[in-house]
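So the structure is just underneath, and the comments pick up after that.
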Amino acid sequence: MVKYVTRRLLGTIPMIVLISIILFTLLQLAPGDPLAGKLDQHADANYIAKLKEDFGLDKPPVEQFFFWAKNFVQGNFGVSFDKKVLVQDLLSERIGKTVFLGVVALIFTYMIAIPLGILSANKPYSKLDYTLTSASFIGFSMPSFFAGLLLIYLFGFQLGWFPYSGSETEASGYEGLEYLMDRLHHVILPAMTLAIINIAQYNRYVRASVLDAKAQDYTRTARSKGLSESKVLRKHVLRNALIPLVTLFGIDLGLLLSGAIITETIFGFPGVGQLYIQSITTRDYPVVMAITMMTSMAVLIGNLIADILYAFVDPRIKYD
Amino acid sequence: MKKSKIGILSLAVVMGLSVFATACGSKSSGDGAKKKSITATMNSTFDGKFNPGLYDSVYDAYILDQTFASLWKQDEKLETSIPDLAESWKESEKKDAVSIKLRKDAKWSDGKPLTVDDVIFTWKFIADKEYSGSRFEYVESIKGAKEYHEGKAKDIEGIKKVDDYNLEVTFEKSDARDISTKVFSTPMPKHIFEGKPVKTLENDPAVKKAENIVTSGPFTIKEIKAGEFVVLEKNKNFYGAAQGKPKLDQIVWKVLQEDVAIGALKEGKVDMVSRIKPSSFETIKGFKDVELVEDTDLGYQYLGFRTDHPKLSDKKVRRAIAYAINREQMVTGLLKGHGTLLSTPVSPKSWAYNKDLDADYSFDPAKAKALLAEAGYKDTNGDGFVEDPSGKPYVLSLEFPKGNQVREQSAKLIREDIEKVGIKIDLKQPKDFAALAETVQQKADKTMEMWLMGWTTDVDPNPKNIYGSTAESNYYRWKSPESDKSIGVSMYDQKAFTKEGRKALIKDWTKIFQQDSPVVLLYSQNIIDAYNKRVTGVQYDYRGALGHPSFVDWDVK
């Protein structure tokens, strides 16, 4: 196992190098200049030349890349072109919030999608199944800005159960548990917005997977042994049916870090996604590079975790 | 089996927590009622560089306006005439020097007195060789500032400290421009920043961290959450505190997407919404207890020509295009009346605005056609569009950026209008702002012909930064010795040292500008702000309600 993990980790290094080269090249090729956003009548030629020099933009792209790569390896993500502050400071302010949002959204997804999927599969082609199928299609096709606004309107404005924006109460003076509760209270609506589309998708997977497992020989054997239906379901069907979800879990884990651009914007939730879209608009390359690299690495590691989890949930899989 | 138990358990925990959190939430709103607090919104996130010398974003400026006092402020005629930190100031007759007297009761929020030393420190900071911001221009005209900036002098020659509250400034030469463009007016606290590295000051806690920022204005910064909100608190050391100013205890600035902000305004959950789109005006008008205010913004939209492009080098063609565009239709149709027609780069709000120049800047397709014919552009093959004087097909391209809804819509109208007088237009797909701006700025670019973009302008009417031949912002590559000379006269000639004199000189320049038409001025979109009527004492002008200095008098019912 240790050998396998080491091998896989080493294998990600060329991937990361490749990703960084492709990303850097794409950003170089993309139209737009990080300094173009400084269109201001007070920006004279000297000022622009000085900025170019400060940011290393006067050097050839290959040299810029190696400069960036050297710093990146040492854990220095550079200075934001737009805000002129350290990229790691910008990220550290936001990453915790994005992960918190992602984790709560994932919890919602699994808590709701799995039971719904099982319910559907239990009585396939029943009224309940059709209702859930239709609901899933609606959920799946609902754009997140619409879902977000709908939740804000219903639960934020009309019912007033949850805050309609932000990640915490302003000037609250909350500490400890109270602060945590406040954060949780704020995260529920955006997390639900993120979860809706996942729930719609995952309960389909679960349904298909459970139906599949139910038709297997081992299920028939279990039934013919005289086990109760609930025992058959829990011990024989679900154990097998939920294995494919582990793959999805790995990918989700990776995406946790990338944030949710639209949802974060609508809820004024200050996560990585909000920073990402802002940086793309202003061509703030150091920030774009840092976030994209972080996400790529997280997806690679998430996949690795999924593969390792596989060995635990499926005894047939062994890594040597 | 274990799995499902854990699942049910965690679901229960989440549900339980959220119920508890709901209870917490409702409790807190009761606590806040004692304080006089309002919530204002901004459409997009602030950068969080809360320092007058370093900020770039307009959202940071909102916060700075309320937390930092300046030497003086503008009135609604765009004159520097309201004393703030400076009790009085007097410019020499030749406009080559100014003596400034500070008020003695001004203090920093940490209780230290605000003196001439802070002002001088700030000017030297901005003139420093290592300074990474864009404001050197605001001290450049002080005598010796250039030498200091280039590292050739240890001090700025033109600054003389008389005592702690009096100083004298000498300029490089007589200069008719407004004092606010010659002297940077918002001091930074010397005792906080002295000795710190100038180049990387952006990363200093005294710029970013609420507890470290020392301010001089009516409010201090109490709490900052990046991308989310800034909480301002009454500054007990503000010089106006003795008169009970500001009246509010707290202002919360929240980052909120416009649609949500408008919903929250309707529900009474926020009190003020800034910079509303014209298309939302009618929606908000129907809200109970909400006041809508608007005024002409100082910025404007324009259609730019590459005047060095062979297709556009004839000013008659450019003039013809200016006559061909029905700009009024944009104001009444696209902006639904929430905008102003513009005929000169000087804002109609300014004292220097010459109203009689509007007459020759009108919608006149017949005149446009006549000018085209005069320049030799005629329809020789009968396809409804003109050919160039040598008989070749004549097509002009028009580019525009994404992001401003009204501007995007105006592109189509402009094409229709110009095609009506016979010039075929190749309307390009909209580009990302950063992408289009890159091409617009490129000095070697030969591909662009016409584009749409906007300018924000200064309070001083001087056109040099935007239309001077050597200005970095002269993307139209308009090289006119006549215009340069006229700008020079309006800045440095003795006749410019009186208001009337300068107004007349600017009028002379504007005529040259209109004749040459390096750009077609389109419109100024109004600034629209909305606020809940529970907030009292609100005034507004070209800065909107939220940018108006009267915020010290805001109160809540």
Side-chain angles (χ1 to χ4, degrees), chain A residues 30-34 36-45 47-48 50-51 54 82-86 89-90 93-94 107 110-111 114 149 152-153 157 161-172 178 181-182 184-185 188 234-235 265-271 274-275 278 281-283, chain B residues 1 4 7 10-11 14 17-18 20-22 24-25 28 39 44-45 47-49 56 132 134-138 202-203 208 222-223 225-229 231 250 252 254-257 259-260 263-264 267 269 431-435 437-441 453 455-458 465-466 471-473:
Chain A
D33 176 346
K38 311 251 176 272
L39 271 179
D40 176 329
Q41 50 161 316
H42 300 291
D44 66 356
Y47 172 62
I48 288 171
K50 188 173 181 302
L51 280 185
D54 286 354
D82 183 42
K83 304 180 169 58
K84 295 178 206 150
V85 296
L86 294 173
D89 286 356
L90 284 176
E93 280 167 343
R94 291 163 179 268
I107 293 174
Y110 288 103
M111 289 297 124
I114 296 175
L149 289 176
I152 288 174
Y153 182 72
F157 291 160
W161 290 355
F162 299 102
Y164 61 96
S165 96
S167 71
E168 58 188 270
T169 306
E170 309 87 21
S172 59
E178 228 182 356
M181 287 302 133
D182 185 49
L184 197 65
H185 194 203
I188 285 173
R234 286 204 317 260
K235 285 208 153 162
T265 308
I266 288 195
F267 282 92
F269 194 92
Q274 198 197 43
L275 179 68
Q278 210 191 6
T281 330
T282 55
R283 303 293 190 269
Chain B
M1 185 166 141
S4 63
S10 39
L11 183 66
V14 170
L17 287 181
S18 37
F20 181 56
T22 319
C24 277
S28 72
T39 306
S44 184
T45 177
D47 280 357
K49 281 190 289 189
D56 290 312
S132 63
S134 63
R135 295 190 173 74
F136 175 58
E137 206 205 2
Y138 289 100
E202 277 94 352
N203 291 297
K208 303 197 303 180
K222 189 183 172 196
E223 195 181 359
K225 282 278 143 73
E228 188 172 357
F229 61 78
V231 180
Q250 180 176 288
V252 177
K254 230 167 135 70
V255 177
L256 217 49
Q257 197 245 354
D259 297 325
V260 180
E267 300 296 323
K269 289 183 187 285
K431 283 185 183 162
D432 254 13
F433 185 84
E438 186 189 25
T439 327
V440 167
Q441 283 178 313
M453 220 162 240
W455 279 121
T456 52
T457 65
D458 276 351
N465 279 340
I466 300 185
E472 190 66 19
S473 306

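Letters go in sequence order (proteins before strands), and every chain restarts at 1.
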B:K431 versus chain A, heavy atoms under 4.5 Å apart: side chain, backbone, both or neither? neither

Against chain B, label A:L86 side chain, backbone, both or neither, depending on which of its atoms sit under 4.5 Å from a heavy atom there. both

Looking at B:K208, B:R135, B:E223, which has the largest count of heavy-atom pairs under 4.5 Å with chain A? B:E223

Which bit of B:F136 comes within less than 4.5 Å of chain A, counting heavy atoms only: side chain, backbone, both or neither? neither

When you look at CZ of A:F157, are more than 12 heavy atoms from neighbouring residues, nucleotides or ligands closer to it than 6.0 Å? yes

Measure the CD-NZ distance between B:E202 and A:K83 for me, rounded to the nearest 0.5 Å. 12.5 Å

Write down the atom of A:R94, the atom of B:G227, and the distance for their closest heavy-atom approach. NH2-CA, 3.5 Å

On a heavy-atom basis, which atom in A:P31 and which in B:A435 lie closest, and how many Å separate them? CB-CB, 3.7 Å

Does any part of the side chain of A:S165, heavy atoms only, come nearer than 4.5 Å to the side chain of B:K254, both counted from C-beta? yes

Of the non-hydrogen atoms in B:F229 and A:T169, which two are nearest, and what is the gap between them? CZ-O, 4.1 Å

Using heavy-atom distances under 4.5 Å, tell me whether B:V260 contacts chain A through its side chain, its backbone, both, or neither. both

What residue in A:L149, A:I266, A:T281 has the most heavy-atom pairs under 4.5 Å with chain B? A:I266

Proximal component of B:E228, with respect to chain A [non-hydrogen, under 4.5 Å]: both

Of all heavy-atom pairs linking B:D56 and A:D82, the shortest is OD2-O, 3.9 Å

As a quick check of understanding, evaluate side chain to side chain contact (heavy atoms under 4.5 Å, CB included) for B:E137 and A:Y47, giving each step before the final call. CA-CA 10 Å; B:E137 206 205 2; A:Y47 172 62; over 6 Å; no

Do B:S132 and A:K84 pass the side chain to side chain donor-acceptor pair (under 3.5 Å) test, and can you show the C-alpha distance, the side-chain angles, and the key distance before you say yes or no? CA-CA 9 Å; B:S132 63; A:K84 295 178 206 150; 4.7 Å; no

B:A471 versus chain A, heavy atoms under 4.5 Å apart: side chain, backbone, both or neither? neither

Do we see a donor-acceptor contact under 3.5 Å between the side chains of A:Q278 and B:T45? no

What's the shortest heavy-atom distance between A:Y164 and B:A264, and which atoms? CE1-CB, 3.7 Å

Are side-chain heavy atoms of B:T39 and A:E170 found at a separation under 4.5 Å? no

A:A171 backbone acceptor or donor facing B:K222 side chain under 3.5 Å: no

d(B:S134 OG, A:K50 NZ) to nearest 0.5 Å is 11.5 Å

